[in-house]
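Since the structure comes first, as C-alpha cells, the remarks are kept for the end.
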Amino acid sequence: MKIVYLILAHRYPDQLIRLVNKLNTEHTHFLIHLDKKVGRYEYHYIHNALASNGNVDFLKRHTCNWAGFGIVKATYEGIKFCVENNIACDYLCLMSGQDYPIKSNGLIFDYLKAHEGKSFINFNSLPNPIWTNHNGGLERLTNWYIITDKQRYGFPNNLFSSRPRLSKLFKSTIGKVIPKRKFPSGFKPYGGAQFWTLHSKHVRYVYDIIQSHPDFFNFFKYVMVSDEFLFQTIMGNYPQQAELINTTLHFLEWDRPGAVLNYKDRENIRTTEHLFARKFDCNVDAEIIDYLDSHLL
C-alpha cells in the first residue's frame, strides 16, 4: 500500500524537512506545494534537502493567501499531478507544513490498511448550526469575496472586515442591489475541516468532477475559505456515502482554533486516536515536537 502526502507549506523550511523525513518510508511519496510567496533562497534550500530522496515531487506553485482560492488551486494541483502522472497511490493525505504525525509510520500504515477503500473527510450539510457566523456557513457561499494578502472584501456583506459600521451601512444601501450568488445546480453545499485523507478511487472521483464541471470549480474563486467547502461538497454529494468516514484524522484543540500546540497539550495528543496533529511552530514551542519524537514516534 502506498501513502502519498500532499503537503502545503508557506514557511519554516526546517520544520517541513523534518516532517518529510519523519514520514518517509518505502511506502510513502510526497507532493510538496510551496507558496509562491516563499523566497528563492528558501525554495532552493528545501528543494536541495529533499529532491534527492527519489520520492518527492515539487508542484506548480500558487499564491496562497489565508481564506483565498489559492489554497484550493494548490490542493487540486496535487490531485491533478497524482492522477495525471499515475503516481502509485492508495491514499492521498492532505497536510500542511506545520502538521506532524502523532502515531508511528507503522501504525499509520496499519490503520489505513484496516480501513482500505474508505476515505476520511469531514463534511456537514449547510447551514450548519455549529458555525455561528456567516449564517451557518451559507454566507461564505452567497457573498462575493475577494481575498488579498492583507484584506478580505465581502459583497454585499462584510465589505470592510475591519470596519463593521461601514460594512453595515453598505449592506443596507448599495448592498441591497447586489444579487446574492447562486450555488451551482446539481450540488448540495457542504462544509467542514480542510484536511482529509482520500482513498485513490475518491481522489479520482474528485479529479473527474472538477474536470467535467469547470463552472463548479470556478464558483469557489469568490468563496471565503473555499478549501473548507469545495472538496467537502464534492464528497458530500458522492453517491456511495458508506465508503466515507465523516471525520478528520488530524487532532486540533477545537476550543483554540488555529492555536499553536505546545508542551502542555502533550497528554491530549498522546491519548487521542488521531494520526496527525496541527499546528506546530518550532519558534513558539520546539519541545512538543521533540517530545513526540522521543515518546510517541
Side-chain angles (χ1 to χ4, degrees), residues 1-35 38 42-59 74-75 78 81-82 87-115 120 193-198 248-253 259-297:
M1 187 178 72
K2 282 285 187 180
I3 304 170
V4 178
Y5 291 102
L6 169 54
I7 303 176
L8 312 182
H10 67 285
R11 58 179 177 175
Y12 302 152
D14 289 322
Q15 193 169 320
L16 170 62
I17 294 166
R18 183 174 182 175
L19 169 64
V20 172
N21 288 335
K22 180 57 62 176
L23 289 170
N24 191 22
T25 74
E26 62 179 330
H27 303 292
T28 57
H29 193 103
F30 299 90
L31 304 178
I32 297 179
H33 180 274
L34 296 175
D35 191 330
V38 172
E42 289 81 4
Y43 176 85
H44 287 295
Y45 177 80
I46 296 167
H47 189 277
N48 291 339
L50 297 176
S52 61
N53 285 13
N55 61 344
V56 176
D57 287 295
F58 289 85
L59 301 171
T75 305
F81 187 95
C82 192
I87 300 296
C89 172
D90 292 285
Y91 276 98
L92 181 65
C93 179
L94 178 63
M95 306 184 75
S96 86
Q98 288 184 252
D99 296 353
Y100 210 69
I102 55 176
K103 298 290 188 293
S104 69
N105 285 319
L107 288 176
I108 293 171
F109 182 92
D110 290 345
Y111 186 86
L112 294 179
K113 187 70 175 176
H115 293 84
F120 303 85
Q194 175 187 359
F195 296 97
W196 39 253
T197 300
L198 297 182
T248 175
L249 297 181
H250 280 69
F251 170 83
L252 300 90
E253 286 288 7
V260 172
L261 298 174
N262 57 60
Y263 190 70
K264 294 180 180 179
D265 296 310
R266 66 190 184 281
E267 187 61 19
N268 288 341
I269 294 174
R270 186 186 67 81
T271 57
T272 184
E273 295 183 355
H274 295 85
L275 303 183
F276 314 100
R278 70 179 317 273
K279 60 185 177 179
F280 298 95
D281 188 330
C282 285
N283 293 320
V284 174
D285 190 336
E287 188 178 9
I288 181 60
I289 298 184
D290 292 337
Y291 169 84
L292 297 178
D293 280 341
S294 62
H295 288 76
L296 300 185
L297 305 176

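Since the structure is predicted, the reported quantities are computational estimates derived from the model, not experimental observations.
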Quiz item: Which of parallel (below 30°), tilted (30 to 60°) and perpendicular (above 60°) describes Y5 and F276?
Solution: perpendicular
Quiz item: Atom CZ of R270 and atom CD1 of I102: how far apart are they, to the nearest 0.5 Å?
Solution: 11.5 Å
Quiz item: side chain to side chain contact (heavy atoms under 4.5 Å, CB included) between I288 and Y100: does it pass, once the steps are laid out?
Solution: CA-CA 10 Å; I288 181 60; Y100 210 69; over 6 Å; no
Quiz item: Would a 4.5 Å heavy-atom cut-off, applied to side chains only, mark Q15 and Q98 as touching?
Solution: yes
Practice problem: Give the minimum heavy-atom separation between L31 and C82, together with the two atoms involved. | Solution: CD1-CB, 4.1 Å
Quiz item: Any Lys/Arg nitrogen of R18 or D290 sitting under 4.0 Å from an Asp/Glu carboxylate oxygen of the other?
Solution: yes
Quiz item: Measuring from L261:CG to R278:CZ, what's the distance to the nearest 0.5 Å?
Solution: 9.0 Å
Quiz prompt | Any residue meeting salt bridge (charged side-chain N to carboxylate O under 4.0 Å, His left out) with D265, in chain and number order, not counting sequence neighbours | solution = R256
Exercise. Measure from the side-chain N and O atoms of N262 to the backbone N and O of K264, and report whether any donor-acceptor pair falls under 3.5 Å.
Key: yes
Self-check item: Close side-chain approach of L8 and T75, heavy atoms under 4.5 Å
Solution: yes
Practice problem: Would you name the heavy atoms of A9 and V38 that are closest together and state the gap between them? | Solution: O-CG2, 4.5 Å
Quiz item: What do the steps show when you test D285 against V260 for side chain to side chain contact (heavy atoms under 4.5 Å, CB included), and what is the final call?
Solution: CA-CA 8 Å; D285 190 336; V260 172; 5.6 Å; no
Quiz prompt | Side-chain heavy-atom pair P13, L16 within 4.5 angstrom cut-off | solution = no
Quiz item: What are the two closest non-hydrogen atoms of L292 and P101, and how far apart are they?
Solution: CD1-O, 4.2 Å
Self-check item: Main-chain N/O of N268 paired to E253 side chain as donor or acceptor, under 3.5 Å
Solution: no
Exercise. Show the numbers, then the answer: is there a side chain to side chain contact (heavy atoms under 4.5 Å, CB included) between L34 and E42?
Key: CA-CA 10 Å; L34 296 175; E42 289 81 4; over 6 Å; no
For residues 106-115, tabulate all N or O donor-acceptor pairs below 3.5 Å that involve a side-chain atom, not counting sequence neighbours.
{"unit_1": "K113", "atom_1": "NZ", "unit_2": "E116", "atom_2": "OE1", "d": "3.2"}
{"unit_1": "H115", "atom_1": "ND1", "unit_2": "Y111", "atom_2": "O", "d": "2.8"}

Self-check item: L6 CG to L92 CG distance, which is reported to the nearest 0.5 Å
Solution: 5.5 Å
Quiz item: How far does NZ of K2 sit from OG1 of T28, to the nearest 0.5 angstrom?
Solution: 7.0 Å
Self-check item: Gap separating the CG atom of D57 from the CZ atom of F30, nearest 0.5 angstrom
Solution: 11.5 Å
Quiz item: Is C93 close to I7 at the side-chain level, that is, under 4.5 Å between some pair of heavy atoms?
Solution: no
Self-check item: ring pair (Phe, Tyr, Trp, His ring centres under 6.0 Å) partner of H250, the single match among W196, F195, F280
Solution: F195
Quiz item: What is the distance from atom CG of L23 to atom CD1 of I3, rounded to the nearest 0.5 Å?
Solution: 8.5 Å
Exercise. Show the numbers, then the answer: is there a side chain to side chain contact (heavy atoms under 4.5 Å, CB included) between N283 and R11?
Key: CA-CA 11 Å; N283 293 320; R11 58 179 177 175; over 6 Å; no
Quiz item: Are the side chain of N105 and the backbone of K22 linked by a donor-acceptor contact shorter than 3.5 Å?
Solution: yes
Quiz item: Heavy atoms, side chains only, cut-off 4.5 Å: are T197 and L275 in contact?
Solution: no
